[in-house]
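So that we are looking at the same thing, I have put the structure below in structure tokens.
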Amino acid sequence: MSGYAGVPRTGAPGQVKEVTSLANPVIKDIKSLALKKFRDQQNAFLAEGLKLVIDALDLGWTIKTLVFAKSALGNPLVEKVAARSVAAGALVLEVSEKVLTSVTRKDNPQTVLGVFEQKLTPLRDVRLSGSDVWVALDRVRDPGNLGTVIRTADAVGAKGVLLVGDCVDPFALETVRATMGSIFAVPLVKASPDAFLAWRKEFKGLVAGTHLKGAVDYRSVKFADKPVVLLMGNESQGLPEPLAERCDVLLRIPQAGRADSLNLAVATGIMLYEVRRSALTLDGVPAA
């Protein structure tokens, strides 16, 4: 059988192989990526869906393995992605439905999966200027929340997301799904609280935190024309005092109902759209 881009089908990286057995060692490695231990060992993670794989390739992420259903043969987009993956040196697996369902989600299964190298930005490389905005999340624990924040940061044009302390893995499958592909567009940083506080000493912009004890209405602050770090606390405990004390301003989102707090992703979304208000326009018309 001939492969894509004129490459024969073999088991070598950068080539195409047909797989029908669940016992295939590469399939076992892909399935193991459900656990953080193996994601870290392989420095890899799984992205499901043709759109996510195309987004990742377009943005220069390194693909290690591409898996696609045999039923997708003849789809020009899938075959183009397969050819691009081969050209990038990845192993391309054309698999049976049985094999595919063993590694993809059970609800709304995808016909294309990609295994990519993890990518994190060092904290020392985070430099804000102009009206740049970063989101810093303290000990975020829910993958859906983190994925939604990454997606929202992408939507508003924030420059990145900084994970402080013991956070959920941004490369967990649930997180990646929730980002809807934005994980490939938004730089991610991991830092201990001490490392973040040391970095904060050198940061000359505005650090704005949200806090239930905050005395400042988030709508009253002028965020334009200065770099901003938006610091959001843990889902259940909020910002710890050592981080809250290092904020330039502690903000609160007014509430009128009986709920005593907002979901972290919702609160971060509200704050991000306010911080970026002057930069976001519809048809070139700035907000009032």
Side-chain angles (χ1 to χ4, degrees), residues 105 107-108 133-183 186 188-191 193 196-197 200 205-224 226 228-280 282 287-288:
R105 67 177 89 183
D107 57 313
N108 190 27
V133 177
W134 273 72
V135 184
L137 300 175
D138 170 60
R139 295 166 298 144
V140 58
R141 304 314 299 267
D142 184 87
N145 279 339
L146 176 54
T148 301
V149 169
I150 292 171
R151 184 181 180 186
T152 307
D154 186 14
V156 302
K159 296 298 183 179
V161 174
L162 203 163
L163 304 176
V164 181
D166 185 19
C167 293
V168 66
D169 186 6
F171 300 111
L173 189 54
E174 296 85 355
T175 310
V176 175
R177 286 173 182 166
T179 72
M180 296 295 288
S182 291
I183 192 167
V186 177
L188 300 175
V189 174
K190 287 184 178 181
F196 173 74
L197 289 173
R200 191 267 176 270
L206 178 73
V207 177
T210 58
H211 204 289
L212 287 176
K213 296 180 181 178
V216 179
D217 188 319
Y218 79 105
R219 298 165 296 185
S220 67
V221 177
K222 301 296 184 184
F223 294 105
K226 62 174 72 73
V228 176
V229 172
L230 175 63
L231 182 55
M232 305 295 294
N234 170 271
E235 287 98 337
S236 60
Q237 299 170 331
L239 279 179
E241 285 307 308
L243 293 181
E245 289 170 358
R246 299 309 304 274
C247 291
D248 295 304
V249 60
L250 289 176
L251 306 173
R252 191 148 48 104
I253 300 171
Q255 296 173 220
R258 294 185 62 185
D260 59 1
S261 64
L262 288 172
N263 168 271
L264 172 64
V266 171
T268 305
I270 292 171
M271 289 299 308
L272 277 173
Y273 271 91
E274 184 64 26
V275 173
R276 292 284 292 159
R277 173 191 286 267
S278 63
L280 300 174
L282 287 177

For a 4.5 angstrom cut-off between non-hydrogen side-chain atoms, does Leu262 reach Ile270?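 The answer is yes, as the side chains (C-beta and beyond) meet within the 4.5 Å cut-off.
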State which residues pass side-chain hydrogen bond (donor to acceptor under 3.5 Å, both in side chains) with Ser220; sequence neighbours excluded, sorted by chain then number.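 Partners of Ser220 by the side-chain hydrogen bond (donor to acceptor under 3.5 Å, both in side chains) criterion come out as none, since no residue qualifies.
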Mind jotting down which residue pairs meet the salt bridge (charged side-chain N to carboxylate O under 4.0 Å, His left out) criterion with at least one end in residues 141-157? Sequence neighbours excluded, please.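 Only Arg141-Asp166 qualify under salt bridge (charged side-chain N to carboxylate O under 4.0 Å, His left out).
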Sequence neighbours excluded, which residues qualify as side chain to side chain contact (heavy atoms under 4.5 Å, CB included) partners of Leu173?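 Side chain to side chain contact (heavy atoms under 4.5 Å, CB included) check on Leu173 returns Leu46, Glu48, Arg177.
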Can you pull the ring pair (Phe, Tyr, Trp, His ring centres under 6.0 Å) pairs that have at least one residue in residues 159-182, sequence neighbours excluded?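 Passing the test, one end in residues 159-182: Phe45-Phe171.
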Can you name the salt bridge (charged side-chain N to carboxylate O under 4.0 Å, His left out) partners of Glu274, sequence neighbours left out?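 Checked Glu274 against salt bridge (charged side-chain N to carboxylate O under 4.0 Å, His left out); matches are Arg277.
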Taking salt bridge (charged side-chain N to carboxylate O under 4.0 Å, His left out) as the definition, give me every residue that meets it alongside Arg252, ordered by chain and number, with sequence neighbours left out.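 So Arg252 forms no salt bridge (charged side-chain N to carboxylate O under 4.0 Å, His left out) with any residue.
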Not counting sequence neighbours, which residues clear side chain to side chain contact (heavy atoms under 4.5 Å, CB included) with Lys159? List them please.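 Expected list: Asp132, Trp134.
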Where at least one partner belongs to residues 255-274, residue pairs that pass ring pair (Phe, Tyr, Trp, His ring centres under 6.0 Å), sequence neighbours excluded: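 Passing the test, one end in residues 255-274: no pairs.
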Expected output: side-chain Asp248 to main-chain Val207 donor-acceptor under 3.5 Å: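 Checking the backbone N and O of Val207 against the side chain of Asp248, a donor-acceptor pair under 3.5 Å is found.
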Quick one: list whatever passes side chain to side chain contact (heavy atoms under 4.5 Å, CB included) with Leu197, sequence neighbours left out.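 Only Leu243, Arg246 meet the side chain to side chain contact (heavy atoms under 4.5 Å, CB included) criterion with Leu197.
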Using the test side-chain hydrogen bond (donor to acceptor under 3.5 Å, both in side chains), find all partners of Gln237 that sit at least two apart in sequence or belong to another chain.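 Partners of Gln237 by the side-chain hydrogen bond (donor to acceptor under 3.5 Å, both in side chains) criterion, ordered by chain and then number, come out as Arg139.
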Side chain of Glu174, backbone of Ala178: donor and acceptor closer than 3.5 Å?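 No; judged by distance alone, with no hydrogens or angles, the pair does not exist.
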Side-chain donor/acceptor of Thr175 to backbone N/O of Asp169, under 3.5 Å: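 At least one qualifying donor-acceptor pair exists.
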Counterpart residues, side chain to side chain contact (heavy atoms under 4.5 Å, CB included), relative to Glu245 (two or more places apart):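 Side chain to side chain contact (heavy atoms under 4.5 Å, CB included) list for Glu245, sorted by chain: Glu241.
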